[in-house]
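Sequence lines set the chain letters: A, B, ... in the order given, protein chains first and strands last, and positions in each chain run from 1.
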Amino acid sequence: MIDFMLLFFLVILAIAAISMKDLLSAIIILSAYSLIMAVVWVRLNAVDVAFTEAAVGAGITTVLLIAALSRTKRRERTSPQPAIQKQKSMTRNSILSFIVVMVTGAVLVYGTIDMPDFGDPDAPANLHVADRYIEKSYEETGIVNFVTAVLASYRGYDTLGEVMVIFAAGIGVVLLLRRKREQ
Amino acid sequence: MFEIAAIVIVLGAILVLYRALKGPRVYDRALAVNIIGTKTVILLALIGFIYERPHFLDIALVYALINFIATIAFLKYMETGGLD
C-alpha cells in the first residue's frame, strides 16, 4: 500500500519536474523527488543508497543546480518561429518522440522478461561469490562488516579508481569556478 | 498501527503535493517541498518501526539535518540572484 502510494508520488513528481516551465520550480520539485526516492530505497532495505540519495540527490544536487541556474536564466525563451508552423512541427515531433519512447519501453520490458524474480535465492547474482563473502570475508580480510570488506578489500582497486575519478572531477569543478570568479 | 500512521502521512504529503504542483508562486512550492521533507523524516522513522529496525531512526535524523540545505540555497538565490 505504502509502496504504491510512494511510486504514484514519484511518477507525479517526475512528470511535474519535466513539464514545469520555470526551471527553479523544476529544481525544487526534483529535490522532493529525491526525498521520496530515498524513502523507497529504505523500503528496499538499501539504507546506504538512501543515505547517498538524500545527501547527494536532495542536498548537493539542488545546490549545484541552483548555482548553475544563477549563471543562466530561469524562464524558457519563446522561439522566434511563426506560431502555426511551430505548432505543426511540435505535433510531428511529439508523435515521433512518443513512438520512439513506446518502442524503447517495449524493448526494455522485453529485456526484463528473462530476469529472475526479485530476491530470488537461485538468481545468478546470488549464486556467484556472495556465499564466499558471507562465510570467508572475516577470515580473509579481518573486517566485521562484509559490505565494507567487499568495497574496501576485495574491490579495493575499483574503489581506488572511483576515488580518483571523483577527485579529478572535484579539482575540475574547483578550477572552473575559480576562473569564473576572477573574471 | 504504524502502517496506518505511515499511510496517513503519505496521504498528507499528497495533499501538500497539490500546492507544490499548483504553485502559483515559487515560495509556495519551496514551502510545500519543505513540508514533504519533514513528512519524509517522520515516514522514515515509522518505516523503521514497521520493519522492527529502530536504528533507521538515525537515517531520519540525518534527513532532518540535511533537509534545510536546499531551502537555504533556494532562498539565497531568490534574494541575491546567485549563490556567491
Most chain A-contacting option - heavy-atom pairs closer than 4.5 Å, from Leu21(B), Val33(B), Ile69(B):
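Ranked by contacts with chain A, first place is Val33(B).
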Under a 4.5 Å heavy-atom cutoff, which of Ile36(B), Ile14(B), Val41(B), Leu65(B) has the most pairs with chain A?
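The option with the most such pairs is Ile14(B).
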Keeping Thr80(B) on the side-chain end and Tyr77(B) on the backbone end, is there a donor-acceptor pair under 3.5 Å?
no
4.5 Å side-chain heavy-atom contact, Leu43(B) and Val10(B):
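They are in side-chain contact.
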Toward chain B: residues of residues 33-52 of chain A with heavy atoms under 4.5 Å
Leu35(A), Ile36(A), Ala38(A), Val39(A), Val42(A), Arg43(A), Asn45(A), Val47(A), Ala50(A), Phe51(A)
What residue in [options] has the most heavy-atom pairs under 4.5 Å with chain B?
options	answer
Gly59(A), Ala16(A), Ser19(A), Ser25(A)	Ser25(A)
Leu69(A), Thr61(A), Ile28(A), Ile60(A)	Ile28(A)
Ala54(A), Ala17(A), Ser31(A)	Ala54(A)

Taking everything shown except Tyr51(B) itself, do over 12 heavy atoms lie less than 6.0 Å from its OH?
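Enclosed: over 12 neighbouring heavy atoms sit under 6.0 Å from OH of Tyr51(B).
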Step through the shown structure and confirm whether more than 12 heavy atoms of other residues, nucleotides or ligands are within 6.0 Å of CD on Glu162(A).
yes
Which answer fits Ala32(B), side chain, backbone, both or neither, if we ask what part of it has an atom under 4.5 Å from a heavy atom of chain A?
neither
Rounded distance (nearest 0.5 Å) linking atom CD1 of Ile99(A) with atom OG1 of Thr104(A):
11.5 Å
What part of Leu65(A) gets closer than 4.5 Å to chain B, counting heavy atoms only: side chain, backbone, both or neither?
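Answer is neither: Leu65(A) stays 4.5 Å or more from chain B.
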